[in-house]
**Student:** 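The structure's right below; bear with me while I get my questions together.
Note: hydrogens, waters and symmetry copies are ignored here, and every other heavy atom, side chains too, is used. Starting from 1, each residue takes its place in the sequence as its number. Only a predicted model underlies this, so the values are computations on that prediction, with no experimental measurement involved.
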Amino acid sequence: MEKMLPAQEAAKIYHTNYVRNARAIGVLWAIFSICFAIITVVVFIQPYWIGDSVNTPQAGYFGLFYYCIGNPITSELVCKGSVLDFNSIPSGAFKTAMFFVGTSMLLNVGTIICFSLFFFCNAGSVYKICAWMQTASAALLVMGCMIYPDGWDSAEVKRMCGERTGKYTLGNCTVRWAYILAIICILDALMLSLLAFTLGNRQDKLLPDEFQMDGEAELGSQAEV
C-alpha cells in the first residue's frame with residue numbers, strides 16, 4: 001500500500017497550492033479590472049452613443065456631452081458640447097447620464113489606485129473594498145444607460161433624427177457602439193465584483209478547518225509521545 005502523507009505535511013502542500021491558485025486568479029482579476037477601467041473611460045469620452053442612418057434628415061452623432069450635427073447648407077459637421085460646460089449639453093437627461101457614467105468611470109479608476117493598498121493592508125479587505133467599488137460602478141452604469149434615452153426628445157436630437165424621435169424612441173437614428181459597450185460594461189463590472197468578493201473571502205480563510213484540525217491533532221499526538 002502507498003504510504004499516506006502525514007496530515008501536517010498534506011496541509012502544507014494544500015495550503016501552498018491554494019495560495020498559488022488564489023494569487024494567479026487575483027492577478028487575472030487585476031488585469032481585467034485595468035482593462036475594464038480603460039473601457040469605461042472610452043465609453044465616457046466617445047460621442048458615438050447614437051448616430052445617423054440613411055434615413056435621417058441630417059448626418060451626425062451624439063455622446064454623453066459631445067455631439068456633432070451636419071449643417072443643412074454646407075453638409076459639414078458642426079460639433080458642440082463640453083464636459084466642463086453643462087449649458088452646451090442639449091438635454092438634462094444627457095447631463096444626468098454623464099454624471100452617473102462619469103462617476104462610474106472614476107470609481108473604476110479608483111479601484112486601480114486601490115491596488116497600492118495590497119502593500120499596506122490585509123489583502124482580503126482590499127479585495128472587498130474593490131468589489132464594492134465595482135458593484136457601485138455597475139449600479140451607476142445601469143442608471144446612466146437607463147436615463148440617457150430620456151433625452152432623445154431634445155430639439156438637437158430631433159434635428160438629426162427627425163420629428164418622430166421622442167423619449168426612448170430613436171426615430172430614424174440608430175444606437176452606436178459606445179452605448180452597446182456601456183451596457184456590456186455593466187455585466188463586466190458585476191462579474192469582476194463577484195470575483196473580487198470571492199477572492200476576499202478566500203483571503204480571510206486560506207486554510208480550511210479540517211486541515212487545521214488534522215494538523216493540530218497530529219501535533220497533539222506527537223507531544224504525547
**Student:** How far apart are the closest heavy atoms of Cys185 and Ile39, and which atoms are they?
**Tutor:** SG-CG2, 3.4 Å
**Student:** Have Gln134 and Ser33 got a donor and an acceptor in their side chains that come within less than 3.5 Å?
**Tutor:**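 Ser33 and Gln134 do have a side-chain donor-acceptor pair below 3.5 Å.
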**Student:** Ignoring hydrogens and geometry, is there a side-chain-to-backbone donor-acceptor pair from Thr135 to Ala131 under 3.5 Å?
**Tutor:**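 Checked: pair present.
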**Student:** Indicate if Ile129 and Phe197 have the same hydrophobic cluster label, given that clusters are the connected sets of ILVMFWY residues with side-chain heavy-atom separations under 4.5 angstrom.
**Tutor:**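 In one cluster with Ile129: Phe197, no.
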**Student:** Roughly how far apart are Glu156 CD and Thr165 OG1, rounded to 0.5 Å?
**Tutor:**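 Glu156 CD to Thr165 OG1: 12.5 Å, rounded to 0.5 Å.
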**Student:** Any heavy-atom pair between the side chains of Pro57 and Met160 that's under 4.5 Å?
**Tutor:**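 Side chain of Met160 against side chain of Pro57, heavy atoms only: no contact under 4.5 Å found.
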**Student:** Are Val101 and Met98 connected into the same hydrophobic cluster when the rule is that any two of I, L, V, M, F, W, Y join if their side-chain heavy atoms are below 4.5 Å apart?
**Tutor:** yes
**Student:** Looking at Tyr67 and Gly81, what are the two nearest heavy atoms and their distance?
**Tutor:**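 Smallest heavy-atom distance, with atoms named: CE2-N, 4.5 Å.
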**Student:** Tell me, please, which residues at least two apart from Phe118 pass ring-ring contact (aromatic ring centres under 6.0 Å, His included).
**Tutor:** Tyr127
**Student:** Say you draw a straight line from CD1 of Ile112 to CZ of Phe36; how long is it, rounded to the nearest 0.5 Å?
**Tutor:** 9.5 Å
**Student:** Trp152 vs Tyr168 aromatic rings, parallel, tilted or perpendicular, using cut-offs 30° and 60°?
**Tutor:**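 Correct class here is tilted.
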**Student:** Would Phe65 and Phe44 satisfy ring-ring contact (aromatic ring centres under 6.0 Å, His included), going step by step from the backbone distance to the final call?
**Tutor:** CA-CA 9 Å; Phe65 55 89; Phe44 180 75; 5.4 Å; yes
**Student:** Could you tell me if the side chain of Val157 sits less than 4.5 Å from the side chain of Phe94, heavy atoms only?
**Tutor:** yes
**Student:** Examine Leu107 and Phe32 and state if one hydrophobic cluster contains both, with Ile, Leu, Val, Met, Phe, Trp and Tyr joined whenever side-chain heavy atoms are less than 4.5 Å apart.
**Tutor:**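 They do not share one cluster, since no chain of ILVMFWY contacts under 4.5 Å joins Leu107 to Phe32.
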**Student:** Show your reasoning for whether side chain to side chain contact (heavy atoms under 4.5 Å, CB included) applies to Lys80 and Ile89.
**Tutor:** CA-CA 8 Å; Lys80 300 178 183 179; Ile89 302 173; over 6 Å; no
**Student:** Is Tyr179 reaching over with its side chain to a backbone N or O of Cys145, donor-acceptor style, under 3.5 angstrom?
**Tutor:** yes
**Student:** Let me know which of Leu77, Asp52, Thr174 forms a side chain to side chain contact (heavy atoms under 4.5 Å, CB included) with Tyr61.
**Tutor:** Leu77
**Student:** Is there a side-chain contact between Met143 and Thr96, using heavy atoms and a 4.5 Å cut-off?
**Tutor:** no
**Student:** Is there a donor in the side chain of Ser104 and an acceptor in the side chain of Ser137, or the other way round, less than 3.5 Å apart?
**Tutor:**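 Yes, Ser137 and Ser104 have a side-chain donor paired with an acceptor closer than 3.5 Å.
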**Student:** With a 3.5 Å distance limit and no angle check, can you tell me whether Trp49 reaches the backbone of Val175 through a side-chain donor-acceptor pair?
**Tutor:**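 Not confirmed, Trp49 side chain does not pair with Val175 backbone.
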**Student:** Measuring from Leu141:CG to Thr40:OG1, what's the distance to the nearest 0.5 Å?
**Tutor:**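 Interatomic distance, Leu141 CG to Thr40 OG1, rounded to 0.5 Å: 7.5 Å.
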**Student:** Can you measure from CG (Leu190) to CG (Leu195) and round to the nearest 0.5 angstrom?
**Tutor:**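 Reported value, rounded in 0.5 Å steps: 12.5 Å.
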**Student:** Any chance the SGs on Cys114 and Cys130 are under 2.5 Å from each other?
**Tutor:**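 Taking the criterion (SG atoms under 2.5 Å apart), Cys130 and Cys114 fail it, so no.
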**Student:** Quick one: closest heavy-atom pair of Cys161 and Leu170, and the distance?
**Tutor:** CB-O, 3.7 Å
**Student:** For residues Ser88 and Ser82, report the shortest heavy-atom separation together with the two atoms involved.
**Tutor:** OG-N, 3.0 Å
**Student:** Taking a hydrophobic cluster as the set of Ile, Leu, Val, Met, Phe, Trp and Tyr residues connected by side-chain heavy atoms closer than 4.5 Å, whether directly or through intermediates, do Tyr66 and Tyr48 fall within one such cluster?
**Tutor:**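 In one cluster with Tyr66: Tyr48, yes.
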**Student:** Which atom pair, heavy atoms only, marks the closest approach of Trp177 to Gln46?
**Tutor:** CH2-CG, 3.5 Å
**Student:** Do Ser91 and Tyr148 come within less than 4.5 Å of each other through their side chains, counting heavy atoms only?
**Tutor:** no
**Student:** Looking only at heavy atoms, which two atoms of Ala97 and Ile147 are closest? And how far apart?
**Tutor:** N-CG2, 4.3 Å
**Student:** Look at the side-chain heavy atoms of Ile, Leu, Val, Met, Phe, Trp and Tyr, link any pair under 4.5 Å apart, and say whether Ile34 and Met133 land in one connected group.
**Tutor:** no
**Student:** Just verifying a value: how many Å separate Arg164 CZ and Asn55 CG, rounded to the nearest 0.5 Å?
**Tutor:**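 Output value for this atom pair is 8.0 Å.
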**Student:** Rounded to the nearest 0.5 Å, what separation is found between the CG atom of Asn108 and the CD1 atom of Ile38?
**Tutor:**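 The CD1 atom of Ile38 is 11.0 Å from CG of Asn108, to the nearest 0.5 Å.
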**Student:** Would you say Phe115 has more than 12 foreign heavy atoms packed within less than 6.0 Å of its CZ?
**Tutor:** yes
**Student:** Would you say the side-chain atoms of Thr56 and Asn172 include a donor-acceptor pair closer than 3.5 Å?
**Tutor:**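 Thr56 vs Asn172: no donor-acceptor pair found between side chains.
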